[in-house]
Amino acid sequence: MYGQLALTEAGELVVARFRAIEALAFGLPHPAQRHFLASVSTKRLRQLVALLDLGSIDAAAARCGVSRDAIYKSVREAEYLLDAPLFHHLAAGRFVATAEGRALLTRVKLMLGEMRHALEDVAQLRGRMEGRLSIGCLPSMASHIVPDATAEVLRRAPQLSVALIEGSYDELMEALQSGEIDLIVGGLAPAREFPDVRTIALVDDRVVIFGRAGHPLARRRRKLSSADFKDIRWVLPMRKALPQPAFESLLAEAGIRPAVPIVEYASIATLNALLATSDMLAVGSALQMQVEAERGVLREIPFRLTREVWQTGIVLRASTVPSPAARIFIEVLTDRAREARLPTA
């Protein structure tokens with residue numbers, strides 16, 4: 001008779017991660033997909049994910065340290081087991097995933113991420129903080145609280161690798177749901193439109209109009225009206241970056257019709273440069289503007305667009321537990337958010 005076995009603390013951490021992987025596998029819609037995951041090696045899965053990410057046989061082979069033939073073999077084997085194509089073969093070794101292939105391999109990426117996090121959990125138990133922390137960052141937090149929190153996390157855990165990734169909400173959410181990034185920091189309202197997410201509120205932000213510190217409208221002594229903005233050119237986020245057309249709708253509700261064409265921006269650096277050297281105006285969060293306002297570069301224009309609060313915080317996957325590095329970042333960011341003070345309205 002064999003004696004009873006009990007999990008060690010490290011074993012409990014690993015089992016918890018693999019239960020999450022099991023749940024992800026059993027959540028797949030087709031029995032053939034579940035059979036595929038039970039039949040194929042982790043090595044093959046990594047090769048398919050590399051091809052999904054890079055779209056090139058040569059690039060996928062280089063990432064995985066294998067031959068082109070090995071990547072082709074992985075694709076053929078997978079498509080045979082699934083009885084369905086995962087990729088469209090273009091030309092010159094280029095591939096693009098089918099809709100079914102992208103959905104499946106996105107789930108596989110998340111499962112492989114959970115395997116990495118199992119190792120990181122055990123390392124943390126032994127007093128080491130290892131791995132890579134990837135943070136999706138929207139403009140309202142990119143220039144203020146997130147850099148501060150990141151520096152503190154690296155001070156506590158110097159062996160960590162950290163990536164700060166800016167992008168549209170759709171792009172960041174896709175990366176979050178595939179496990180490519182650990183969390184998103186920004187406005188919370190759009191997150192409610194996506195499945196399998198949970199949120200942590202940090203700061204109640206305001207939506208404001210702002211421009212350069214010496215902007216003519218910032219110097220007006222009388223109360224501004226919508227007519228004062230008649231000839232203003234506007235710099236607004238890329239239309240895909242926020243629920244369409246969020247800021248333009250706020251302007252319209254206030255009686256302001258932006259001059260066309262509108263300048264669209266995708267990065268804080270571009271926005272700040274445009275505003276600092278022109279009389280163009282922007283709409284954004286008060287937090288986003290705060291650092292530049294303290295430097296004397298930008299200034300809020302005294303015209304209230306809305307009294308609504310714009311809740312800002314952290315977006316996480318609901319189906320998995322954050323990595324050790326992500327948990328430390330959440331703790332530090334929460335502390336930094338408590339200390340944050342918005343510019344006076």
Side-chain angles (χ1 to χ4, degrees), residues 5-50 52-53 78 81-82 86 97 100-126 128-136 153 157 160-163 165 172-185 191-192 194-200 313-331 333-334:
L5 298 177
L7 286 170
T8 63
E9 191 174 357
E12 289 176 352
L13 293 172
V14 172
V15 166
R17 290 291 178 187
F18 276 82
R19 281 179 178 154
I21 292 170
E22 183 180 51
L24 289 167
F26 279 107
L28 288 166
H30 303 302
Q33 294 176 332
R34 297 193 288 274
H35 173 68
F36 161 72
L37 288 179
S39 305
V40 72
S41 68
T42 302
K43 179 180 177 181
R44 296 285 192 206
L45 292 176
R46 293 188 192 281
Q47 291 172 14
L48 294 170
V49 165
L52 171 73
D53 288 344
L81 289 170
L82 291 163
L86 288 178
E100 183 175 331
R102 176 168 291 279
L104 173 61
L105 293 177
T106 294
R107 181 73 65 99
V108 168
K109 283 177 72 172
L110 185 52
M111 295 166 71
L112 293 173
E114 286 297 291
M115 291 182 187
R116 288 195 307 274
H117 294 333
L119 297 174
E120 292 163 8
D121 287 339
V122 174
Q124 185 191 34
L125 188 64
R126 294 171 177 168
R128 300 193 309 273
M129 184 62 65
E130 299 175 350
R132 175 183 173 87
L133 173 63
S134 296
I135 304 160
V153 168
L160 275 181
S161 170
V162 178
I165 302 164
L172 294 179
M173 193 62 73
E174 181 178 345
L176 177 71
Q177 293 179 325
S178 71
E180 196 169 318
I181 61 175
D182 295 290
L183 52 90
I184 298 171
V185 186
R192 300 184 185 107
F194 293 88
D196 190 35
V197 298
R198 63 185 179 92
T199 60
I200 301 172
I314 300 167
V315 184
L316 297 159
R317 289 182 297 275
S319 59
T320 61
V321 174
S323 69
R327 293 197 295 271
I328 288 183
F329 180 79
I330 291 167
E331 176 189 327
L333 189 66
T334 302

Any residue meeting salt bridge (charged side-chain N to carboxylate O under 4.0 Å, His left out) with R317, in chain and number order, not counting sequence neighbours
none
Does T199 have any side-chain contact (heavy atoms from CB on, under 4.5 Å) partners at least two apart in sequence or in another chain, and if so, which?
L188, A191, V315
Listed partners of A123 passing side-chain contact (heavy atoms from CB on, under 4.5 Å), at least two apart
R128, E130
Tell me, please, which residues at least two apart from R102 pass side chain to side chain donor-acceptor pair (under 3.5 Å).
E174
Listed by chain and number, what are the side-chain contact (heavy atoms from CB on, under 4.5 Å) partners of V40, not counting sequence neighbours?
F36, R44, L45, E77
Which residues share a side chain to side chain donor-acceptor pair (under 3.5 Å) with Q33, sequence neighbours left out:
none
Distance (rounded to the nearest 0.5 Å) between L24 CG and L37 CG:
10.0 Å
Interatomic distance, L160 atom CG to L133 atom CG [nearest 0.5 angstrom]
6.5 Å
Looking at L112 and V49, what are the two nearest heavy atoms and their distance?
CD1-CG2, 4.1 Å
Here the gap from E12 atom CD to L125 atom CG, rounded to the nearest 0.5 Å, amounts to 10.0 Å
Nearest 0.5 Å, what's the CG-CG distance between L13 and L119?
11.5 Å
The salt bridge (charged side-chain N to carboxylate O under 4.0 Å, His left out) partners of D53 (sequence neighbours excluded) come to R63, K109
If you define the side chain from C-beta out and look only at heavy atoms, does anything of L48 sit under 4.5 Å from V108?
no
Side-chain heavy-atom pair L316, I330 within 4.5 angstrom cut-off
yes
Can you name the salt bridge (charged side-chain N to carboxylate O under 4.0 Å, His left out) partners of E100, sequence neighbours left out?
none
What are the two closest heavy atoms between L172 and G136, and how far apart are they?
CD2-CA, 3.9 Å
Roughly how far, to the nearest 0.5 Å, is the CD1 atom of I135 from the CZ atom of F329?
3.5 Å
With sequence neighbours excluded, residues passing salt bridge (charged side-chain N to carboxylate O under 4.0 Å, His left out) with R198
none
S134: which residues meet the side chain to side chain donor-acceptor pair (under 3.5 Å) condition with it, sequence neighbours left out?
R132
N/O donor-acceptor pair under 3.5 Å between Q177 side chain and P195 backbone:
yes
Rounded to the nearest 0.5 Å, what separation is found between the CD1 atom of I165 and the CD1 atom of I181?
6.0 Å
Taking all non-hydrogen atoms of both residues, which atom of S178 and which atom of A175 are closest, and how far apart?
OG-O, 3.1 Å
Looking at residues at least two apart in the chain, or sitting in another chain, which of them share a side chain to side chain donor-acceptor pair (under 3.5 Å) with R327?
Q124
After noting the C-alpha distance and the side-chain angles of L82 and L104, does the key distance pass the side chain to side chain contact (heavy atoms under 4.5 Å, CB included) rule?
CA-CA 11 Å; L82 291 163; L104 173 61; 3.7 Å; yes
Which pairs, with at least one residue in residues 13-35 and sequence neighbours excluded, count as a salt bridge (charged side-chain N to carboxylate O under 4.0 Å, His left out)?
R17-E114, R17-D121
